[in-house]
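None of these values were measured; they are calculated from a predicted model. Chain naming here is simple, since letters A, B, ... match the order of the sequence lines and numbering starts at 1 in each.
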There are 2 protein chains.
Amino acid sequence: MEAAAQETRILDAAEELFYGRGLQAVGMAEIRDVSGASLKRLYQLFPSKDHLVEAYLRRRDLRWRASLAAYVEARSPGEERILAVFDWLREWFAEPGFRGCAFVNSFGELGATSDAVAEAARDHVDALKDYLASLVAEAGHSARLARSLLLLVEGAISTAAVCADAGAADDARETARGLLELDFARTGGAG
Amino acid sequence: MEAAAQETRILDAAEELFYGRGLQAVGMAEIRDVSGASLKRLYQLFPSKDHLVEAYLRRRDLRWRASLAAYVEARSPGEERILAVFDWLREWFAEPGFRGCAFVNSFGELGATSDAVAEAARDHVDALKDYLASLVAEAGHSARLARSLLLLVEGAISTAAVCADAGAADDARETARGLLELDFARTGGAG
DNA sequence: CGAACGAGAGAACGGACGTTCTCCCGAGTC
DNA sequence: GACTCGGGAGAACGTCCGTTCTCTCGTTCG
């Protein structure tokens, strides 16, 4: 099999296993089994487990944000798109195997030990913050609102995971609606 | 040394190490070294690492909430106490060694594998939710507000940790102030 | 045809770690 | 003083895991 396809299968296996059970709980042998690649190939494409972990995080960040953006951008511009973020969260939370934010989880597990993991996690949150800021700007709201939304999104993800309660997305959505109203009043309805 | 004092020292060492570096990154030998207890004593008091991890989480939950409550209850009842939660968070975030929510971190690392860890994390979040609900009720606000506050608190903790930015506490506090205002308007200022 | 190459399967190596075992010592008891 | 008991220090054991090595086999190219 060609290398590119194998890399994809390896990353698919890594994502499923790392996200589902944690970074240290999954061994290279299991990734070999699930991906179908040989151990030799695995180490050719990713010279160490650390490299594979980082590649997993980087790809997941890209895909996660792309999925969110695709969902959001199907709505018409403005406040609807901001609220769509929470609709997307709700669908995600209801998926079987949802286990919180891969980046927060990885940061908690290895952030103290691995700079690469800590950076990947921070980059993800920064990128999410920027994306929320772009939606907020599009809707004509204040930049401050984006920071509030980030807290709501991250808070909803964590509590939904720990409490196994997808309703956190609804709470976050309602709260965001309130914040939009409030910010609308503050900025005088310029958006 | 008497057993009770040794148990405390072991739990102190476990908390420092587990919280600072993660559950799986810390071995029993290191907890022995830091606590000063012998391995034999360690296993007498905690029959396995799993038991020690759970004891660490349970004690941390109690202490964490007691510290928050002590800080909050130094303020006069009402909205001030709600905002005090975020002042407390800000101080916590600024402490050296702050590394996010011990329960979210532990859940991410071992929640998929260990029911005890998953339950301890959920119990912690549930207790926090109840505490926030009590503050909200005391201030005469709607129960819905408590759910919003929980998201803000958890979101602030996660983003402050990952982004190494204590400013998340300020964002959360400002957002909470807005929500109080909004909820005040909604409930007609009954509180 | 034969030699070199690349790939897969899995054994092997080295280290880490949870847990148990051994050995030794000091205190208390008769 | 001998005997027992408990406790400390650390070796030992078994397992797991990241990584590398070996062996084999099919393919390609001269």
Side-chain angles (χ1 to χ4, degrees), chain A residues 1-57 105-106 108-117 120, chain B residues 1-57 105-106 108-117 120:
Chain A
M1 192 189 297
E2 62 176 319
Q6 265 183 331
E7 190 173 313
T8 300
R9 289 169 57 127
I10 289 168
L11 285 172
D12 288 348
E15 178 156 6
E16 174 189 333
L17 293 167
F18 284 153
Y19 178 71
R21 301 226 312 275
L23 269 16
Q24 289 171 104
V26 172
M28 295 297 269
E30 203 169 354
I31 290 169
R32 171 203 57 190
D33 294 343
V34 172
S35 70
S38 71
L39 224 37
K40 189 189 262 179
R41 190 57 129 185
L42 223 172
Y43 276 94
Q44 274 174 358
L45 294 169
F46 304 95
S48 75
K49 188 180 178 181
D50 288 347
H51 286 78
L52 180 56
V53 166
E54 189 176 352
Y56 145 64
L57 289 173
N105 290 353
S106 299
E109 186 172 352
L110 288 184
T113 310
S114 158
D115 287 345
V117 168
Chain B
M1 190 188 298
E2 60 175 323
Q6 267 183 330
E7 189 174 313
T8 301
R9 291 169 57 126
I10 289 168
L11 285 172
D12 289 347
E15 178 156 7
E16 174 188 334
L17 293 168
F18 284 153
Y19 178 70
R21 302 225 312 276
L23 269 17
Q24 288 170 104
V26 173
M28 295 298 269
E30 203 169 353
I31 290 169
R32 171 202 57 189
D33 293 343
V34 172
S35 70
S38 70
L39 223 38
K40 189 189 266 182
R41 190 58 128 182
L42 223 171
Y43 276 93
Q44 272 174 359
L45 295 169
F46 304 96
S48 75
K49 188 180 179 182
D50 288 347
H51 286 78
L52 180 56
V53 165
E54 190 177 352
Y56 145 64
L57 289 173
N105 290 352
S106 298
E109 187 172 351
L110 288 184
T113 311
S114 159
D115 287 345
V117 168

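Rounded to a whole Å, the CZ atom of A/Arg32 is 12 Å from the C1' atom of D/dG18. Going from atom CD of A/Gln6 over to atom P of C/dG6 covers 15 Å, rounded to whole Å. Atom CG in A/Asp33 sits roughly 11 Å away from atom C1' in C/dA9 (whole-Å rounding). Put simply, CD on B/Glu30 is 16 Å from P on C/dT19, counting in whole angstrom units. When the C1' atom of C/dA7 is taken as reference, atom CG of A/Leu42 falls 14 Å away, rounded to whole Å. The NZ-P distance, from B/Lys49 to C/dC17, rounds to 8 Å in whole Å. In this entry the distance linking CZ of B/Arg41 with C1' of C/dT20 reads 17 Å, nearest Å. The distance from atom CZ of B/Arg9 to atom P of D/dG8 is 11 Å, rounded to the nearest whole Å.
For the OP1/OP2 pair of C/dA16 and a distance below 4.0 Å, the side-chain nitrogens and oxygens of A/Gln24 include no atom meeting the criterion. Dashed line: the shortest gap from a side-chain N or O of A/Gln44 to OP1 or OP2 of C/dG8 is not under 4.0 Å.
Judged by distance alone, with hydrogens and angles left aside, the side-chain atoms of B/Gln6 form no donor-acceptor pair with the main-chain N or O of B/Arg41 at under 3.5 Å. Formation of a donor-acceptor pair under 3.5 Å by the B/Glu109 side chain with backbone atoms of B/Gln24 is found in this model. Listed for the B/Ser35 side chain is a donor-acceptor partner under 3.5 Å among the backbone atoms of B/Arg32.
Among the nucleotides C/dG18, C/dA11, D/dA11, the one closest to any side-chain atom of A/Leu39 is C/dA11. Closest to the side chain of B/Lys40, from the set C/dT19, D/dG7, C/dG8, is D/dG7. The A/Met28 side chain lies nearest to D/dT19 when the options are D/dT19, C/dG8, C/dG18.
Atom CD1 of B/Ile31 is separated from atom CZ of B/Arg9 by 14.0 Å, given to the nearest 0.5 angstrom.
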